[in-house]
Each structure stands twice: as C-alpha cells, then as structure tokens.
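Read the structure below first, then the notes.
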There are 2 protein chains.
Amino acid sequence: MKNITTGENCGELQVALDIIVGKWKPIILFHLMENEKLRFSELQRAIPEITKKMLTSQLRELEYNDIVHRKVYQQVPPKVEYSMSPYGHGLKPLLVSMRSWGTEHLEHLEKLYGKDNEEQKEQI
Amino acid sequence: MKNITTGENCGELQVALDIIVGKWKPIILFHLMENEKLRFSELQRAIPEITKKMLTSQLRELEYNDIVHRKVYQQVPPKVEYSMSPYGHGLKPLLVSMRSWGTEHLEHLEKLYGKDNEEQKEQI
DNA sequence: ATACCTAGTTACTTTTAGGAAACCATTTGA
DNA sequence: TCAAATGGTTTCCTAAAAGTAACTAGGTAT
C-alpha cells in the first residue's frame, strides 16, 4: 500500500487562515494598513454595511491575536482608536501576496470561463 | 473630516481566501502537494475524519478553480485520481508562506499568553 | 444469488456565522 | 429636561456550512 504523507503542519496554516477569514477581517485590515489609526466610528463609516456587532467582534479577535492595537481614551463620549500593532505589520506582506494572487486568479478564471462565469459558479 | 481610504481590491483577497477556506481545503491541498496524485479513497484514508460529501464538494470547488485535476478511469469499480493542476502549483508558495506565518504566529501567541491559552481563546 | 468494491449522490439534521434592532452609560450642549 | 454623541452589549433570528446516514451503479469474486 502506498505511503501517503501526512499533510503535516496544516493546522498551522489554519492558524493563519483564522486570522484573516471572517467576512470583514480583510477589509478591516486593509483599512488599518492604509490609515495608521482609525476610530471605531471611522471604521464604521468606511465600511457602511458592517454592523457594530460584527465590527466589534472582528476587532476583538484581531486584538486577541495582537494584530491590531486598541487605545481607549478615558473621556465622554468615548473615543477608541484602532491601529495595526507593530507585530501586526508583519502580516502585511502575506495579505498583499494573497491579494495579488487573487487578482491573477480572477483573470485566470476569466480565461477559462469567460467574463460571465457567475452561472457556472452557481452550479457548484 | 478625515479622508479614509477605501481598502481597495480587498474583494480580490477574498477570491484567494475562497480557494483555501473551507474546513478541509488546506489539508487536501497539502496532501496533493506532497503526493502528486491520489485516489479519492486514498484521500479519504489520509483524512479519516472527512466525510465523502465534504471531500467531494471541496474537490469539486478546487477543480472548478483549476487548482486540482480530476482524472477518471473508465472502469469498474471506479477509479478517480486527483492531482494538483499545472496552474494549481502556482498556489504552493502562497500556501507555504501562510503556513510558516501560522507557525510563527503560534509561537507569538504562546509568548503572549503562555502554553495554555485555550481558556482565554474561549472567552472571545 | 449474493456480497463487495469504488466513487460518489441525496435527503435530512445540526452547528456556526452573520445580521437586525433595541438597549446602555456618561457627559455636554440646547 | 431632553436630545445627541460614542462605543459598545444583548437578544433574537436567518442563512450558510458542515455532518450523518442511507442509497446508487455496475462489474467481479464466492
């Protein structure tokens, strides 16, 4: 019988994926990468379709993973600023690579299926 | 008012993510990257927890995206071999980068929270 | 005749992710 | 006295992803 390798350390890829999957995490990260610091409400305005709940939860997960930093000003009304943490900046090259792979992949799919590949996609 | 940038082309990162998210896609991809070609049943044995349904659906999506190739032998009982497509091999560097980032990230989390960071994680 | 093999499919259930809307605390300004 | 502002939380609900288990085709071995 064939000796099949283990797909080892694939859980560690999952670790990376967990950071960036979630419907809103990539867009949040790109905003923070481009803006240095943003208040909660600025993020809300920048991503109008997101709900407070989702914005909060996604930011909390990113904060737990030390990707973003949360700075609370003790004042009323509250002021909270989010920014990429020093460590979080290390994620940037990966995000950029993924985005460019995605861009090229869209072109590849277009070559394969044509511009209107939405129907085929549905059938899967 | 501050001019907030758009987080542009973030949808194209999502394109890349769509390829590799899905509970089983990373491990399937690593197996195929390491083994050149595998039958359906070999993949099943290599990933014992996966169900036929999930294995089929994940492979179909990868096939649609031209990442894996599916070769059917016209015989009974059926024989189907899966392998990375030539195009699919281009995904390898990205997957490897993600995995090493994940590896380092695990170490980073350990430094932050200690080895037993599972409880904290739960609270998020 | 019957059981077994592979590579699936189908119908149904459970689990998880995400969304909607209401609520909260605290201080300033009208 | 009351509304507005900010950064949330909470409860409830829906939709999507994943899991379970039974079923299929069709040729081969017993």
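By convention in this document, chain letters (A, B, ...) are assigned in the order of the sequence lines, proteins followed by strands, and residues within each chain are numbered from 1. What you see is a predicted model, and the numbers here were worked out from it, not measured in a lab.
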For W24(A) and F40(B), find the nucleotide of DNA chain C closest to each by heavy atoms; which residue's nucleotide sits nearer the 5' end? F40(B)
Backbone N or O of S41(B) within a donor-acceptor pair of the Q44(B) side chain at under 3.5 Å? no
Between S85(A) and H69(A) (side chain of the first, backbone of the second, donor and acceptor by atom type, cut-off under 3.5 Å), is there such a pair? no
Atom CD of Q58(B) and atom P of dG8(C) are separated, to the nearest Å, by 14 Å
Using modelled atom types only, decide if a donor and an acceptor are shared between the side chain of E110(B) and the backbone of E107(B) within a distance under 3.5 Å. no
Taking K25(B) first and then E61(B), would you say they form a salt bridge - that is, a charged N and a carboxylate O separated by under 4.0 Å? yes
Check the distance between dT20(D)'s P and L55(B)'s CG and give it to me in whole angstrom. 15 Å
For the side chain of Y64(A) and the backbone of L59(A), is there at least one donor-acceptor N/O pair under 3.5 Å apart? no
Base, sugar-phosphate, or nothing for T51(A), non-hydrogen atoms under 4.0 angstrom? sugar-phosphate
When rounded to whole Å, the CD to C1' distance for the pair E81(B) and dA7(C) reads 13 Å
What integer distance in Å separates L59(A):CG from dG18(C):C1'? 16 Å
Below the 4.0 Å mark, does dA7(C) have OP1 or OP2 next to a side-chain nitrogen or oxygen of R39(B)? yes
Return the minimal non-hydrogen interatomic distance between E42(B) and L38(B), and the atom names on each side. OE1-CA, 3.4 Å
Specify the separation, in whole Å, of atom CD1 of I50(A) and atom P of dG8(D). 13 Å
Whole angstrom is fine here: how far is it from CE in M54(B) over to P in dA16(D)? 16 Å
Does Q75(A) CD have over 12 foreign heavy atoms under 6.0 Å away? yes
Ordered by number, residues from residues 69-79 of chain A within less than 4.0 Å of DNA chain D (heavy atoms) are R70(A), P77(A), P78(A), K79(A)
Produce the list of close N/O pairs, under 3.5 Å, pairing protein atoms with atoms of nucleotides 9-15 of chain D; give distances to one decimal.
residue : atom : partner : partner atom : Å
dT9(D)  : OP1  : R60(A)  : NH1          : 3.1

Describe, in one word, how the ring planes of H105(A) and Y87(B) are oriented to each other, choosing from parallel (under 30°), tilted (30 to 60°) and perpendicular (over 60°). parallel
Rounded distance in Å - CG (L38(B)) to C1' (dA7(C)): 15 Å
Rounded to whole Å, CD of E42(A) lies from C1' of dG7(D) at a distance of 13 Å
Quick one: do Y73(B) and F40(B) end up in the same hydrophobic cluster if we chain Ile, Leu, Val, Met, Phe, Trp and Tyr together by side-chain heavy atoms under 4.5 Å apart? no
